[in-house]
Amino acid sequence: MRHVVSLFDLSTAEIEAIFAITRDLKAKHATGLRESILPGRVVALLFEKPSLRTRVSFETGISHLGGNSLFLGSEVGFNARESLADFGRVISQYVDAIVVRAFRHETVVELAKHCTCSVINGLTDYSHPCQGLADLYTLRELLGKFPGHKIAYVGDANNVARSLTIGCARLDLALAVASPKGYGFDEPFLARLKREAPHANLTFTHDPAEAVRGAAAVYTDVWTSMGQEAETERRMADFAGFQVDARLMALAKEDAYFMHCLPAHRGEEVSADVIDGPQSVVVEQAGNRMHVQKGVLTWLLGRE
Ligand code: CP
Ligand code: NVA
């Protein structure tokens, strides 16, 4: 039994194994085939924050695999009505896996400690591994083999950026991250990256132009994530100059792809002409959330 709380939980070989399953399932899905790989399996979806992509892509993906999902909102009292230990031990009696979206990363770490079924992180303030996997899978489809390519992330070094960074380190894709001063990665994360992936080609800067030069894809995310709403005004000022617009895209490789995990705020982290323009692959990226999560569930549960 394995958890996916962070992309650090998966080795390079395991990510490649998930991608191989994903490729197969996605090709079958395109022909209309829905293989019943997880009949009778039940996955709980436990969400403390709103979601379109994560919730719906898990629910539909689980249906395709012949399993069932249970969406659990606030009425189950997660992290409120009883201890995480009791919650985890009990829910593990009923379901085969839990997808959990929580405000605090520690909530998911603590829950996983007490669960005897797999826990999959569906986003916390610190990481978004399912997004990272879908991003890397999308890039693999677009770029083929990674060595020789570089991508750029411009904006807040947040949950999405952390998972993207670990994924790039694991799969040998060069990444440059440009964030305003005070919004870069925390030291413990950088130290772990260095420990786990000492040869990864990662650079960190405060200059968006420097980061995107030569990039095959430019990625950004919102400046104010869920749970940070009180900081919106300060962040809008601090991120001035970090919008991904046509001028910045022009510094990347010709025809570089534009990526965003969505939801997006046009006119803030990205201009409308870029996200709605021909270089944008945000819809394909969102579509791959479902295919990759089917790969993750099949990898986690299909062999038990
Ligand atoms: N990208 C993403 O996780 O979207 P949702 O918040 O809609 O799930
Ligand atoms: N960084 C964003 C991602 C949403 C999918 C947030 O946490 O709100």
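Since the structure is predicted, the reported quantities are computational estimates derived from the model, not experimental observations. This chain uses plain numbering: 1 for the first residue, then up along the sequence. Just so you know, ligand 1 is whichever comes first in the structure, and atom 1 is the first atom listed for that ligand.
- Closest approach of Ile275 to Ser280, counting heavy atoms only: O-OG, 2.8 Å.
- Between Phe189 and Tyr126, the ring planes are perpendicular. Angles over 60° get that label, and only those under 30° would be called parallel.
- Annotation: ligand 1 has protein neighbours Ser51, Leu52, Arg53, Thr54, Arg101, His128, Gln131, Cys261, Leu262, Arg289, each with a heavy atom less than 4.0 angstrom from the ligand.
- In this structure, Arg140 fails the cation-pi test against Phe19, since its NZ or CZ atom is not both closer than 6.0 Å to the six-membered ring centre and inside 45 degrees of the ring normal.
- Chaining together hydrophobic side chains whose heavy atoms lie under 4.5 Å apart leaves Phe103 on its own.
- For Asp135 and Gln285, the side-chain atoms include at least one donor-acceptor pair closer than 3.5 Å.
- Ring geometry for His291 versus His29: interplanar angle over 60°, hence perpendicular rather than tilted (30 to 60°).
- Val100 belongs to a hydrophobic cluster whose other members, connected by ILVMFWY side-chain contacts under 4.5 Å either directly or through intermediates, are Val5, Val42, Leu46, Leu70, Leu72, Val76, Phe78, Leu84, Phe87, Val90, Ile91, Tyr94, Val95, Ile98, Val108, Val109, Leu111, Val119.
- Sorted by chain and number, the heavy-atom contacts of ligand 2 below 4.0 Å come from Leu123, Asn158, Asn159, Val160, Asp221, Val222, Ser225, Met226, Leu262.
- When each of Thr138, Leu164, Thr22, Val296 is checked for a side chain to side chain contact (heavy atoms under 4.5 Å, CB included) with Leu133, only Val296 meets the rule.
- If you check the side chains of Asn288 and Glu284, you find no donor sitting under 3.5 Å from an acceptor.
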